[in-house]
Amino acid sequence: MAKVPSVIHWFRLDLRIHDNLALRNAINEVRQAENRKHFLRPVYVIEPDIKNKVGENRLRFLIQSLQDLDSNLRKLNTRLFILRGTATELLPKLFDKWQVKHLTSQLDIDRDIVLQDEVIDEVAEKKDIFIVRRVQHTVYDVHSVLKKNNGAVPLTYQKFLSLVTGIQVKDTIEITKALSDNCKPPDFDSKDYDVPSLEDLGLDESALNPCKYPGGETEGLNRLNMYMAKKQWVCKFEKPNTSPNSIEPSTTVLSPYISHGCLSAKLFYHKLKEVENGASTHSQPPVSLMGQLMWREFYYTAGAGTKNFDKMVGNPVCTQIPWGKNDEHLKAWAEGQTGYPFVDAIMRQLKQEGWIHHLARHMVACFLTRGDLWISWEEGAKVFEDYLLDYDWSLNAGNWMWLSASAFFYKYFRVYSPVAFGKKTDKEGLFIRKYVPELKKYPTEYIYEPWKAPKSVQTTAGCVLGVDYPKRIVDHDKIHKENMQKMSAAYKLNKEKKAMKRPHT
DNA sequence: TTGTCCGTTGGCACT
DNA sequence: TAGTGCCAACGGACA
């Protein structure tokens, strides 16, 4: 008997059923094969070294998202097949074993996935497998936006907006009709394909911090609907007026759901349009919620069109800056032990909860790079990759370049003060008291600057500097001025190099 | 080529 | 409390 061919949908950063064009393609392919039976296998590949690549909070978010995805797929009378191994090694073998004729997936920008796809494409071509990749992770097709700009990367947000104005955004799609039993392969019920627990991956779940943002499509959609119901709030939203150091998030925290594809960016777009269209006035990009979504599109476009976007060297949009190396300072920063309470509180919130406010990211990124520690943005990006639930290849690199004044933003003399910046929205230092509990009892006048507290105050508050909490590792007032000079010199050199490269006519 | 305006969200002193 | 001007002076876009 001839083997029954299979159709694979390969889930990556599209952990959802709703608005999943590529999944629908796979399902349609199976359904249309009326008189020639096809099996459907929606797969997700867990790489062996995932624990080294993905921080524990994000790994938990991923596993939760996969569990939710599996349960949503089962409502369609199919399931998620988890594959354990390296995608580029494993998939080619399964192409033969499963008689794969058709492979669908989302079109991704993330460099690692793009490289993976190149390998798979080559194999698929040899084996005569039809590959379908759909644009569905962004609102716009970033490659056609680049084309519209004659292949050049838009270097300003306004330029990007002007490129996408007038582009019609397609409607979202839904998949509701369940599949027939004919689509189930014989090993459908095998436990080998079950979503692993964190324990299976070698992680002690009980040792993790409490889960503040559970992963999954269901949770993402609930969160979206909850915020979109607050129409006034949506219409008045202005990012700079939200607080980086409120005890509960002052923004939506939809980002982890969008970055994992639990939530469709296009659905977010349409829901926002709906709310905005129903209001007499609403805030505008860049500060509005729609503006935030457009920032994501901006960085995706830049990431797709720039070589070595996540690196300094060999990256055409990135100013070359002679960053220093200081592993001790880097470690202190990453672990929230710099002696600057505001910086430390943010870094500890990041490590514990996997999410920090965008402006908090500005604060700590500026501090690590051009502001205080003079350490490369690439080092900071690696730490964020590890800790952030909403880690996203394009956004992470793009924002780090922005904050370090390496690309897109150039006013390097605008430096965030680790003392003044937080005070604007949290005079009492409640945020610091929560995340740096050593300082909980400090008088308000010293909460942002504990080094100014007399020894007697330190003792009374139960936190002596250098014993219970670190002394500050740098003197911001002094060092940020020195760093500004270094930035100025780097810019000057960059300008000269550019002038030399320019053709003389 | 040069000038001008503008740019997601700084800090600080002052009114 | 919010607004303004100064700090020192960037690159991109466009005329």
Visitor: Who does C:dT4 pair with, Watson-Crick or G-U, both distances under 3.5 Å?
Guide: B:dA13
Visitor: With a 4.0 Å cut-off on heavy atoms, is A:Val415 in touch with a base, just the backbone sugar-phosphate, or nothing at all?
Guide: sugar-phosphate
Visitor: Whole Å only: how far is the CD atom of A:Glu297 from the P atom of B:dT8?
Guide: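 Going from A:Glu297 (CD) to B:dT8 (P), I get 16 Å.
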Visitor: Among B:dT8, C:dA13, B:dG10, which nucleotide sits nearest the side chain of A:Leu155?
Guide: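 For A:Leu155, the side-chain atoms sit closest to C:dA13.
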Visitor: For A:Phe431 versus A:Ala345, what's the shortest heavy-atom pair and its separation?
Guide: CE2-CB, 3.7 Å
Visitor: So if I take every side-chain heavy atom of A:Tyr410 and compare against B:dT8, C:dG12, B:dG10, which nucleotide ends up nearest?
Guide: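 When the side chain of A:Tyr410 is considered, C:dG12 is the closest of B:dT8, C:dG12, B:dG10.
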Visitor: Can you tell me which nucleotide in B:dT8, C:dA8, B:dG11 comes closest to the side chain of A:Gln292?
Guide: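 Per side-chain heavy atoms of A:Gln292, the pick is B:dT8.
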Visitor: Please report the interatomic distance CZ(A:Phe11) to NE2(A:His260), rounded to the nearest 0.5 Å.
Guide: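 Going from CZ on A:Phe11 over to NE2 on A:His260, the span is 14.5 Å.
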Visitor: Of the nucleotides C:dA13, B:dG11, C:dG12, which has the atom closest to the A:Ala420 side chain?
Guide: B:dG11
Visitor: Rounded off to whole Å, could you give me the CE-to-P distance for the A:Met487 and C:dC7 pair?
Guide: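 These atoms are roughly 21 Å apart.
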Visitor: C:dA8 phosphate, OP1 or OP2: any side-chain N/O from A:Lys481 under 4.0 angstrom?
Guide: no
Visitor: With nearest nucleotide decided by heavy atoms, which residue, A:Lys427 or A:Ser488, maps closer to the 5′ end of DNA chain C?
Guide: A:Lys427
Visitor: Between A:Trp451 and A:Tyr469, does the ring centre distance come in under 6.0 Å?
Guide: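 That pair fails the under 6.0 Å test.
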Visitor: Please answer whether B:dT8 and A:Tyr157 are stacked, defined here as ring centres separated by less than 5.5 Å and planes angled under 30°.
Guide: no
Visitor: Checking contacts here: which listed nucleotide (B:dG11, B:dT8, B:dG7) is nearest the side-chain heavy atoms of A:Ser417?
Guide: B:dG11
Visitor: Please report the distance, rounded to the nearest Å, between NZ in A:Lys492 and P in C:dA8.
Guide: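 Distance check: A:Lys492 NZ to C:dA8 P gives 17 Å.
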Visitor: Could you tell me whether A:Phe408 contacts a base, only the sugar-phosphate backbone, or nothing, with contacts defined as non-hydrogen atoms closer than 4.0 Å?
Guide: nothing
Visitor: With nearest nucleotide decided by heavy atoms, which residue, A:Lys411 or A:Met363, maps closer to the 5′ end of DNA chain B?
Guide: A:Lys411
Visitor: If you check every side-chain atom of A:Tyr299, which of B:dG7, B:dG11, B:dT8 has the closest atom?
Guide: B:dT8
Visitor: Taking C-beta and beyond as the side chain, do A:Cys211 and A:Gln64 meet within less than 4.5 Å on heavy atoms?
Guide: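 Result yes, sub-4.5 Å side-chain heavy-atom pair found.
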Visitor: What's the CE-C1' distance between A:Met401 and B:dT8, to the nearest Å?
Guide: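 In whole Å, B:dT8 C1' and A:Met401 CE are 17 Å from each other.
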Visitor: Both distances under 3.5 Å, Watson-Crick or G-U wobble: report the partner of C:dA9, or none.
Guide: none
Visitor: Starting from C1' on C:dC7, measure out to OH on A:Tyr412 and report it in whole angstrom.
Guide: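 Between C1' of C:dC7 and OH of A:Tyr412: 12 Å.
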Visitor: Among A:Tyr412, A:Phe409, A:Tyr410, A:Phe298, find the residue that satisfies the ring-ring contact (aromatic ring centres under 6.0 Å, His included) test when tested with A:Trp402.
Guide: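 Looking at A:Tyr412, A:Phe409, A:Tyr410, A:Phe298, the match for A:Trp402 under the ring-ring contact (aromatic ring centres under 6.0 Å, His included) is A:Phe409.
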Visitor: What is the distance, to the nearest angstrom, from the CG atom on A:Leu403 to the C1' atom on C:dC10?
Guide: 16 Å
Visitor: When the ring centroid of A:His137 is compared with that of A:Tyr300, is the distance short of 6.0 Å?
Guide: yes
Visitor: Measure from the side-chain heavy atoms of A:Gln158 and tell me the nearest of B:dG10, C:dA8, B:dG7.
Guide: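 Looking only at side-chain atoms, A:Gln158 lies closest to B:dG7.
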Visitor: Centres of the A:Tyr340 and A:Phe367 rings: under 6.0 Å?
Guide: yes
Visitor: Consider the side chain of A:Tyr491, meaning its heavy atoms from C-beta on, and name the nucleotide among C:dG12, B:dG11, C:dG11 that approaches it most closely.
Guide: C:dG11
Visitor: Rounded to the nearest angstrom, tell me the gap between atom CZ in A:Phe409 and atom P in B:dC6.
Guide: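 In whole Å, B:dC6 P and A:Phe409 CZ are 18 Å from each other.
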Visitor: I'd like the P distance from B:dC5 over to C:dA8, given in whole Å.
Guide: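 Approximately 22 Å lies between the P atom of C:dA8 and that of B:dC5.
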Visitor: Between C:dA9 and B:dG7, how far apart are the two P atoms, rounded to whole Å?
Guide: 22 Å
Visitor: Write down the distance separating the C1' atoms in C:dC14 and B:dT1, rounded off to the nearest Å.
Guide: 13 Å
Visitor: Nearest whole Å is fine: how far is B:dG11 P from A:His480 NE2?
Guide: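 That distance rounds to 10 Å.
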